[in-house]
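Read the structure below first, then the notes.
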There are 2 protein chains.
Amino acid sequence: MRQKTTAAERRAGLAAAERACSRSGKKLTPLRRRVLELVLNAGKPVGAYNLLKSLRADGFSDAPPTIYRTLEFLQAQGLVHRIAKSNTFVACSRPHDDHFGLIFVCRQCGGAVELEEQQVIADIGCCAGRLGFQMSRQVLEVEGTCRDCGAAL
Amino acid sequence: MRQKTTAAERRAGLAAAERACSRSGKKLTPLRRRVLELVLNAGKPVGAYNLLKSLRADGFSDAPPTIYRTLEFLQAQGLVHRIAKSNTFVACSRPHDDHFGLIFVCRQCGGAVELEEQQVIADIGCCAGRLGFQMSRQVLEVEGTCRDCGAAL
DNA sequence: CTCGTAACGTTATACTGTAACATCATTACA
DNA sequence: TGTAATGATGTTACAGTATAACGTTACGAG
Ligand SMILES: [Zn+2]
Ligand SMILES: [Zn+2]
Ligand SMILES: [Zn+2]
Ligand SMILES: [Zn+2]
């Protein structure tokens with residue numbers, strides 16, 4: 001699973017952040033911008049306390065609420081997703097639209113790939129409908145082994 | 001979302017546990033049996049430390065490793081699922097077969113319904129195939145509001 | 001019997017996340 | 001310009017979740 005983030009992807013992520021914030025009337029402050037950069041640069045899911053360590057080097061507060069609040073903001077803007085199975089955070093690969101995505105996370109290398117799969121969404125929506133269940137916007141997590149790690153065995 | 005577990009469901013869960021253990025050559029010890037009972041009786045996702053409190057009343061050790069080890073065992077037997085989004089555990093609704101399930105969890109009442117949806121599994125398997133990704137057996141979590149809680153708004 | 005393994009107990013600690021309140025900056029408006 | 005409201009961040013303290021490491025007990029195989 002590819003884990004590098006290209007410079008173009010990082011620029012696109014930050015541009016999406018500017019758009020998302022101006023649309024919602026929120027501010028992309030230096031702290032928020034920096035955290036998003038860190039998540040983009042990681043190129044794979046990264047833990048909150050790891051991000052916190054980087055923030056210290058940049059002169060921001062390194063107390064837990066700093067990073068959790070900021071990540072919450074970025075999630076609300078649809079710029080970052082939380083991966084519950086590993087308590088990590090990853091940059092959204094399609095931050096330009098509201099989506100219901102599917103994220104494949106490799107147990108070996110920690111890499112992640114996000115897809116938007118209309119068919120899956122439709123099928124799950126159908127099940128939800130039968131249950132009278134109202135889904136919230138989210139990404140589903142699929143765990144396993146990526147191609148590279150599988151080949152390396 | 002219905003949260004009661006019927007006596008029949010509890011019996012079925014324990015019977016499935018007997019079968020799963022005899023098939024895998026493991027033992028369904030009093031502790032394991034008791035934890036499974038507790039999860040079945042809860043009828044909805046329940047936290048590890050809640051289970052631990054109940055164990056104390058039964059004379060078992062109430063140190064964290066007790067419950068985490070036991071839950072890990074029950075998960076390996078396919079009798080219990082872990083819901084990552086809420087750090088809780090719930091009894092499997094179809095413990096008789098290996099499955100790739102879909103679990104709908106209500107944010108309001110905490111209830112959960114587990115489905116096995118062949119179409120969803122097939123679609124996700126297809127995506128995984130394109131990525132060269134080998135999925136592990138699991139359940140996907142869908143968060144939202146159940147019918148009852150939605151109606152109560 | 002005794003040896004090896006599985007199961008369980010025990011202690012300590014690591015990791016993850018939030019409550020509550022203080023401080024500072026920005027905006028809005030009298 | 002004062003001042004009040006709001007949003008963002010800082011700070012302290014703590015709650016909740018999970019595992020490492022090691023000791024002890026139970027029990028069947030040889
Ligand atoms: Zn996304
Ligand atoms: Zn991998
Ligand atoms: Zn199940
Ligand atoms: Zn509900």
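Below, all heavy atoms of this structure are taken into account, side chains as well, without hydrogens, waters or symmetry copies. What you see is a predicted model; the values in this text were computed from it and never measured. Numbered from 1 within each chain, the chains take letters A, B, ... in sequence-line order.
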Just jot down the side chain to side chain donor-acceptor pair (under 3.5 Å) partners of A/Arg34, sequence neighbours excluded, or say none. A/Glu37, A/Asp58
Taking atom P of D/dT17 as reference, at what distance in whole Å does atom NZ of B/Lys85 sit? 17 Å
Ring pair (Phe, Tyr, Trp, His ring centres under 6.0 Å) contacts in which one or both residues fall within residues 22-62 of chain B, not counting sequence neighbours: none
Taking 4.0 Å as the cut-off, does a side-chain nitrogen or oxygen of A/Asn87 come that near to OP1 or OP2 on C/dG17? yes
It should be established whether B/Arg33 places a side-chain nitrogen or oxygen under 4.0 Å from OP1 or OP2 of nucleotide C/dA7. no
Nearest whole angstrom, please: distance from the P of C/dA7 to the NZ of B/Lys27. 6 Å
Which donor-acceptor pairs under 3.5 Å do side chains of residues 65-76 of chain B form with protein atoms, sequence neighbours excluded?
unit_1  : atom_1 : unit_2  : atom_2 : d
B/Thr66 : OG1    : B/Ser61 : OG     : 3.2
B/Thr66 : OG1    : B/Ala63 : O      : 3.3
B/Thr70 : OG1    : B/Thr66 : O      : 2.7

In whole Å, what is the span from the CZ atom of A/Phe73 to the P atom of D/dT6? 19 Å
Can you list everything that forms a salt bridge (Lys or Arg N to Asp or Glu O under 4.0 Å) with A/Glu114? Sequence neighbours excluded, please. none
To the nearest Å, give me how far apart NZ (A/Lys26) and P (D/dT9) are. 12 Å
When you measure from every atom of DNA chain D, which of residues 47-69 of chain A have a heavy atom less than 4.0 Å away? A/Ser61, A/Ala63, A/Pro65, A/Thr66, A/Arg69
Which pairs, with at least one residue in residues 104-136 of chain A and sequence neighbours excluded, count as a ring pair (Phe, Tyr, Trp, His ring centres under 6.0 Å)? A/Phe104-B/Phe133, A/Phe133-B/Phe104
Using atom CD of A/Glu72 as one end and atom P of D/dG7 as the other, report the distance to the nearest whole Å. 14 Å
In this structure, how many angstroms lie between the P atom of D/dG7 and the CD atom of A/Gln77, rounded? 14 Å
C/dG17 phosphate, OP1 or OP2, under 4.0 Å from A/Arg82 side-chain N/O: yes
Is it true that, when you exclude A/Lys26 itself, more than 12 heavy atoms of the residues, nucleotides or ligands shown sit nearer than 6.0 Å to its NZ? no
